[in-house]
Amino acid sequence: MNSNMIAKNLQHIKSNLPENVTLVAVSKTKPISDLQEAYDEGQRIFGENKIQEMVEKYDVLPKDIQWHMIGHLQRNKVKYMAHFVDLIHGVDSFKTLKEINKQAKKHDRVIRCLLQARIAEEETKFGLTFDEISSILASEELLELKNINIVGFMGMATFTDNQQQLKGEFLSLKNFFDTLKVNHPSLKTLSMGMSGDYQLAIENGSNMVRVGSSIFGNRNYNT
Ligand SMILES: *Cc1c(COP(=O)(O)O)cnc(C)c1O
């Protein structure tokens, strides 16, 4: 992408973002030079969906970047990012929480996690049902995992232009989040919304958006 486009896109998006909403710049598949440009524009939170790619970028970019893992997790690779990852969005099993805890402990860290909720219609989307999330949060075993902190939920809506449907999906997770927050004050973050739907997600309760192509341009291959 032509270089000052990234800066312009970022300025544009940030100028329209409410103060309480955190912008994750989704830089998957993009070269280091693109991330550096966003960094130079003040962006400090980047999202990647492949652990290996995130590690390679972490190694060469400034160390005050907060790295978010937004992709589906392979448990056997958690160890490669445990020393630096700031927030893991896509946790969808208790087994994965245990692995994150184990790897975080080796580095004497507490890793922040979001549980991924399934809100989309599509069968293919990963995620936990609301019942599964409730039972994880209520489980005794969770208390033993001292090196993770569940700070909220992540959801991906159905890939559709139907605004009513998207709104319904975002709102269902927002309502669930608000209900659970009463007994779980550590829940603060609701990660919903991507380039195509982040404004609608914010209107319906999101306080963290994951925006890729609207900042960095289209990706060459779809991931
Ligand atoms: C790629 C990706 C995004 C960003 O998608 P854009 O449409 O490019 O903004 C957000 N969230 C997840 C989980 C992704 O994999």
Side-chain angles (χ1 to χ4, degrees), residues 1 5-14 16-17 21-31 34-35 37-38 41 43 45-57 65-74 77-78 81 85-93 96 100 112-128 133 151-163 165-166 169-170 173-174 177 189-223:
M1 199 172 200
M5 268 325 283
I6 292 172
K8 284 197 182 131
N9 289 341
L10 259 178
Q11 283 165 8
H12 173 74
I13 291 166
K14 284 196 290 192
N16 292 305
L17 224 51
V21 177
T22 301
L23 174 64
V24 179
V26 175
S27 48
K28 61 191 184 192
T29 80
K30 297 296 175 181
D34 283 7
L35 282 77
E37 185 173 342
E41 192 52 41
Q43 184 63 28
I45 304 177
F46 290 86
E48 291 283 336
N49 72 338
K50 297 217 164 64
I51 292 174
Q52 191 55 45
E53 184 177 341
M54 187 170 79
V55 170
E56 285 166 14
K57 289 172 172 173
I65 289 176
Q66 291 156 252
W67 292 96
H68 288 199
M69 175 43 57
I70 63 170
H72 186 68
L73 286 184
Q74 285 172 278
K77 292 190 179 160
V78 169
M81 63 174 175
V85 67
D86 179 62
L87 180 65
I88 301 178
H89 290 233
V91 180
D92 67 355
S93 75
T96 300
I100 296 167
R112 303 186 309 132
C113 298
L114 303 179
L115 296 177
Q116 182 169 356
R118 191 181 325 141
I119 56 174
E121 246 177 15
E122 296 118 308
E123 287 288 323
T124 51
K125 297 246 159 110
F126 295 108
L128 297 155
I133 289 179
V151 298
F153 306 145
M154 183 269 232
M156 278 174 94
T158 302
F159 187 72
T160 174
D161 285 334
N162 182 334
Q163 301 295 298
Q165 179 172 357
L166 290 172
E169 292 177 3
F170 290 139
L173 186 52
K174 163 67 171 165
F177 177 70
T189 299
L190 189 52
S191 167
M192 303 191 297
M194 322 189 350
S195 290
D197 59 15
Y198 74 90
Q199 278 117 338
L200 190 67
I202 291 168
E203 284 165 27
N204 292 288
S206 169
N207 61 16
M208 181 174 281
V209 292
R210 310 176 307 271
V211 180
S213 42
S214 290
I215 298 173
F216 296 105
N218 289 328
R219 289 175 294 276
N220 293 332
Y221 50 99
N222 203 15
T223 42

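All ligand and atom numbering here is 1-based and tracks the order in the structure.
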So for ligand 1, is [X] a polar contact partner (N or O within less than 3.5 Å, distance only)?
| X | value |
| --- | --- |
| M154 | no |
| S214 | no |
| N49 | no |

key: Chi angles and distances behind the side-chain contact (heavy atoms from CB on, under 4.5 Å) call for I70, M194   = CA-CA 12 Å; I70 63 170; M194 322 189 350; over 6 Å; no
request  = Specify whether H89 and H68 have parallel, tilted or perpendicular ring planes, treating 30° as the upper limit for parallel and 60° as the lower limit for perpendicular.
outcome  = tilted
First locate atom [atom1] of [X], then atom [atom2] of [Y], and finally report the distance between them rounded to the nearest 0.5 Å.
| X | Y | atom1 | atom2 | answer |
| --- | --- | --- | --- | --- |
| D34 | I6 | CG | CD1 | 3.5 Å |
| E41 | K8 | CD | NZ | 11.0 Å |
| S206 | M154 | OG | CE | 11.0 Å |
| D86 | F46 | CG | CZ | 13.0 Å |
| N16 | L23 | CG | CG | 11.5 Å |

Would you mind listing which atoms of ligand 1 come within a distance below 4.0 Å of any non-hydrogen atom of [X]?
| X | answer |
| --- | --- |
| R210 | 4 (C), 9 (O), 10 (C), 11 (N), 12 (C), 13 (C) |
| S195 | 6 (P), 7 (O), 8 (O), 9 (O) |
| M156 | 13 (C) |
| V211 | 9 (O) |

inquiry  = Less than 4.0 Å is my threshold; does some heavy atom of H89 fall inside it relative to ligand 1?
reply    = no
key: Under-4.0 Å heavy-atom contact with ligand 1, by part of K28 that carries it   = side chain
